[in-house]
Amino acid sequence: MRKGVWLAIALVLFAAPVHAETLKVAIGQKGFWDTNITAWGDRAGFFRKEGLTLDILYTDGGAQTQQAVISGGVEIGIGAGTLGVLGAAVRGAPLRAFGAEWHGASDLFWYARADGPIRSLKDAGGKTAGFSTVGSSSHLVLLSLLDAAGVQARPTPTGGAGATLTQVMSGQIDIGWSVVPIGLREVDAGQIRIVGRGTDVPTLAEQTTRLNIVNANYLAAHRDVVVRFARAYEASLDWAYSDPQALAWFAEGLQIDPALAQRARDDFYHKDAMQPDVVKGLDTTLLQAIELKRVPPATTIEQARAMLDILP
């Protein structure tokens, strides 16, 4: 008994303490299911268990998130568009992707006013079609959808999903973008009609469209901290798909009916789209980046992979 007591005391005295650290984190689009896993995980205590305190700020999309990380204003960025991250990293920006945030585009849709003539993206020729910010996942997916529809629209950055809805309803833009559940109430009410979904291009399912990123200089100096963040993030992700509290916070944050929140999560935010430890279709993203002149035409896949530092 005495030997066991001394062993317990020794473990307490000599165990290496987890160093407490405050991390500034930029999250694209407040309230969305996938990007807010971090905020809910923090609220549930998973990051505190890793000795981390999070200082969270929200942006209007991946490009703003990415710029905040590049500038060093924040250490971590959640949900930055792969296209934009690739373009910045290849051109020397201090960025590394330490995990995938979203694969495919099952959460994204495009819509037009129900009282207008646009019934599908095939009717989008010459029309303004919204996406959040240049280099974001909504930008990449919109370009793929328009290419598949064979039309020449006018892609237009419109900011957040809520602001975009206002622009569509007021006639400032023809086609808006959104991420569920924003816009579903208006669809159900017959005010807008869905004219395109990210799932309309099946190959997108095999492409990572958003990444979790870190300032490269911070990663080099504090790798252990980022590893702890990645570990807490994965724990938060598993919890969010198993504990009804996450759905309650989802509904609360967007001020929507809990049933609508569950419909959005179950029908559009499948857990297999959130696999942080694998990046898919980087070769396809590279070709798109070259076509859009986001990277030099001679950029190799090895240069593209250099932006990845996937943490356990």
Side-chain angles (χ1 to χ4, degrees), residues 25-26 28 34-35 37-38 61-72 74-106 133-141 143-144 147 198 201-231 233-234 237 272-312:
V25 181
D34 61 307
T35 54
I37 295 294
T38 300
Q64 290 183 11
T65 299
Q66 176 182 303
Q67 190 52 47
V69 174
I70 291 173
S71 69
V74 303
E75 289 82 36
I76 300 284
I78 301 297
T82 307
L83 183 65
V85 175
L86 174 60
V90 165
R91 295 181 187 278
L95 283 181
R96 293 291 182 274
F98 68 90
E101 196 274 339
W102 190 256
H103 308 295
S106 61
T133 54
V134 174
S136 65
S137 59
S138 59
H139 187 195
L140 181 152
V141 174
L143 295 176
S144 297
D147 183 62
V201 182
T203 55
L204 282 171
E206 296 306 315
Q207 194 170 350
T208 298
T209 49
R210 294 192 289 274
L211 297 166
N212 291 335
I213 58 176
V214 59
N215 182 281
N217 298 323
Y218 184 86
L219 177 62
H222 304 280
R223 187 176 184 85
D224 64 311
V225 177
V226 185
V227 167
R228 280 152 52 195
F229 181 96
R231 196 158 56 217
Y233 178 85
E234 290 211 41
L237 180 59
D272 59 7
M274 300 191 75
Q275 301 172 52
D277 58 349
V278 60
V279 173
K280 303 178 180 180
L282 189 58
D283 52 346
T284 301
T285 304
L286 175 58
L287 292 175
Q288 292 167 326
I290 291 172
E291 183 179 351
L292 293 169
K293 298 180 171 58
R294 303 287 296 179
V295 299
T299 302
T300 65
I301 190 63
E302 288 75 21
Q303 288 173 293
R305 290 189 184 120
M307 75 171 180
L308 304 177
D309 193 339
I310 305 303
L311 299 179

Legend entry - Selection residues 288-303 - residue pairs positive for salt bridge (Lys or Arg N to Asp or Glu O under 4.0 Å), sequence neighbours left out: none

Inset, instruction - Any chance you could measure Asn212, atom CG, to Leu311, atom CG, to the nearest 0.5 Å? - result: 10.5 Å

Inset, instruction - Might you point out which heavy atoms bring Ala26 and Val74 nearest each other, and give the distance in Å? - result: CB-CG2, 3.9 Å

Inset, instruction - Report yes if some heavy atom in the side chain of Thr299 is under 4.5 Å from a heavy atom in the side chain of Leu86; otherwise report no. - result: no

Inset, instruction - Please report the shortest heavy-atom distance between Gly84 and Gln66, naming the atom on each side. - result: C-OE1, 2.9 Å

Legend entry - Heavy-atom side-chain contact between Met307 and Leu211 under 4.5 Å: yes

Legend entry - Taking every non-hydrogen atom, the tightest pair across Gly198 and Val141: CA-CG1, 4.0 Å

Legend entry - Rounded distance [0.5 Å steps], CZ in Arg96 versus CD1 in Ile213: 11.5 Å

Inset, instruction - Determine the minimum heavy-atom distance between Ser144 and Gln288, stating which atoms define it. - result: OG-NE2, 3.5 Å

Legend entry - Rounded distance (nearest 0.5 Å) linking atom CH2 of Trp102 with atom CD1 of Ile37: 9.0 Å

Legend entry - Pro276 versus Met274, closest heavy-atom pair with distance: CD-O, 3.6 Å

Inset, instruction - Would you please test Ile76 and Tyr218 for side-chain contact (heavy atoms from CB on, under 4.5 Å) and show each step? - result: CA-CA 9 Å; Ile76 300 284; Tyr218 184 86; 5.8 Å; no

Legend entry - Derivation of the side-chain contact (heavy atoms from CB on, under 4.5 Å) call for Ile301 and Leu282: CA-CA 8 Å; Ile301 190 63; Leu282 189 58; 4.2 Å; yes

Legend entry - ring-ring contact (aromatic ring centres under 6.0 Å, His included) partners for Tyr233, two or more places apart: none

Inset, instruction - Look up atom CG in Asn215 and atom CG in Leu95, then write down how far apart they are to the nearest 0.5 Å. - result: 7.5 Å

Legend entry - Gly81 backbone acceptor or donor facing Ser137 side chain under 3.5 Å: no

Legend entry - Close side-chain approach of Val214 to Phe229, heavy-atom, < 4.5 Å: no

Inset, instruction - Enter the distance from Asp309:CG to Arg223:CZ here, rounded to the nearest 0.5 Å. - result: 4.0 Å

Legend entry - Check: Leu140 and Leu204 side chains under 4.5 Å, non-hydrogen atoms: yes

Inset, instruction - Sorted by first residue and then second, give each salt bridge (Lys or Arg N to Asp or Glu O under 4.0 Å) pair with at least one member in residues 209-220; sequence neighbours left out. - result: Asp34-Arg210, Glu101-Arg210, Asp107-Arg210

